[in-house]
A.B. asks: 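This is the structure I want to talk about, given as structure tokens.
It should be emphasised that the depicted structure is a prediction, and the values quoted were computed from it without experimental measurement. Below, all heavy atoms of this structure are taken into account, side chains as well, without hydrogens, waters or symmetry copies. In listed order, ligands and their atoms are each counted from 1.
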Amino acid sequence: MTKKQEEIIFSALDTLHIELPSWGFANTGTRFGKFIQAAAALTTEDKFSDAGQVHALTGSCPTVALHVQWDLPKGVAQASEIQGLAEKYGVRPGSINPNVFQDQEYKYGSVGNPDPAIRKRAVNHIVDCVAIASALGCRDISPWFADGSNYPGTQNMRKRIEWFEEALKEAHSRLSPKQRLLVEYKPFEPFFYHTDVADWGMAFLLAKKAGPQALVLVDTGHHYQAQNIEQIVAWLLHNNMIGGFHFNDRRYADDDLTLGSIDPYQIFRIFHEIHTYEWEKGSRADIAYMVDQSHNLKGKIEAMIQTVCTAQELYAKAAIVDHEGLAKLQQSCSLVDAEECLRDAFWQDARPVIREWRKSHGLPEDPMRAFRESGYLEKITAERAEHNVGSVTSYA
Ligand code: RM4
Ligand code: MN
Ligand code: MN
């Protein structure tokens, strides 16, 4: 690694912030059962405490994404309580995630439901989320819509498009000037015939109709097997329509596995698109990098530390691609050399430089080891184990 490359990695890591999901610290499972962990977070305070640990050890996770129904069930009235927890544990509230998929009313959809009263209820919840975000000083409101149907002919897809357009317009009209509405897409699950916001094109068009502060959110697990995610990212960058990511990895569907555990080259390629865009423009793309993972077998805090370290590694590798050299090779269609130029960066070991970067910021060189030596896990296990036995979980 050259001195120049080391400098590039240092400044790349200085600006890389990764938002942790509060729900990633609580007990989760699969559709078939919940696997309880003795150390899992039981309360919102526990979630902040665990996220605070990850931030203290990595220095890169200053914000925590909140799922309103799970973290602020009483809505905006709990804003000051949340603010207090954030301050206590050295982090800030991050994106606000509405929940319009869990209540019984939403069996046939939320803002796409044929019943106007249910649509209204769903929109009101999103509007409440905008108010929560304002009270907490959060920029992003990040709805994911489970809406869809299971059988052909059972719903009018075009009508539902209109209802989505109306709802998102209404939500957008409540945003303050700096806030953003991030529209997430997912091809299937929980519905298996049609999903109202199934892909980036649908999310893009809905966001465009909603207004200028609505953008698309790319959850890396929400694509079909063969889809070229970095090309989707390129299109969104080109149109100034990318608002953020939900990072995770997958082998089959929305598996919510640890970032880069199955295909690290995929994440590298996404980061490469972003770095190339930034190199060409000479400025940073305003993208929220968030984690959306559910570890039901791995220890939750360890898995988050592993995720953050992986994101840093892949981001650093993508930062040292020789952009100028690559552009020339692309221009002359020197295919093998261009491909090798990209692969060169991928195969570099960025870890020693990242360790140096951590040292220079007064952070532990090896966050995982520091976590294991800290005694935090033993402490929370002792405190939480008894309450976790037989605990019921809110999210599968
Ligand atoms: C969805 C989607 C959302 C997340 C929920 C829990 O599949 O990824 O972003 O909030 O799961
Ligand atoms: Mn997601
Ligand atoms: Mn998901």
A.B. asks: Identify, by atom number and element, the atoms of ligand 1 in contact range of D254, meaning under 4.0 Å from any of its heavy atoms.
C.D. replies: 7 (O)
A.B. asks: List for me each residue that meets side-chain contact (heavy atoms from CB on, under 4.5 Å) alongside L259, sequence neighbours excluded, and say none if there are none.
C.D. replies: F247, I267, Q293, T307, A311
A.B. asks: Could D71 and K47 be called an ion pair, given the rule that one side-chain N must be under 4.0 Å from one carboxylate O?
C.D. replies: yes
A.B. asks: Strictly by modelled atom types, are D292 and W23 linked by a side-chain donor-acceptor pair under 3.5 Å?
C.D. replies: yes
A.B. asks: I'd like to check which ligand 1 atoms, numbered from 1 as shown, lie under 4.0 Å from a non-hydrogen atom of H246.
C.D. replies: 9 (O)
A.B. asks: Suppose clustering is done on Ile, Leu, Val, Met, Phe, Trp and Tyr with side-chain heavy atoms closer than 4.5 Å. Which residues sit in the same group as Y224?
C.D. replies: F188, F192
A.B. asks: Would you mind running through ligand 1 and noting each atom that sits below 4.0 Å from a heavy atom of D219?
C.D. replies: 8 (O)
A.B. asks: Give every protein N, O or S atom lying under 2.8 Å from the Mn ion (ligand 2), naming each by residue and atom.
C.D. replies: E184 OE2, D219 OD2, H246 ND1, D292 OD2
A.B. asks: For H275, which residues count as a ring-ring contact (aromatic ring centres under 6.0 Å, His included) partner, sequence neighbours excluded?
C.D. replies: Y315
A.B. asks: How about D147 and S110: does a side-chain donor come under 3.5 Å of a side-chain acceptor?
C.D. replies: yes
A.B. asks: Looking at K300 and D46, is any side-chain nitrogen of the basic one under 4.0 Å from a carboxylate oxygen of the acidic one?
C.D. replies: no
A.B. asks: For ligand 1, find out whether one of its N or O atoms is nearer than 3.5 Å to an N or O atom of H222.
C.D. replies: yes
A.B. asks: Counting only heavy atoms from other residues, nucleotides and ligands, does the tally under 6.0 Å from CZ of R284 exceed 12?
C.D. replies: yes
A.B. asks: Is the closest N or O pair between W70 and ligand 1 shorter than 3.5 Å?
C.D. replies: no
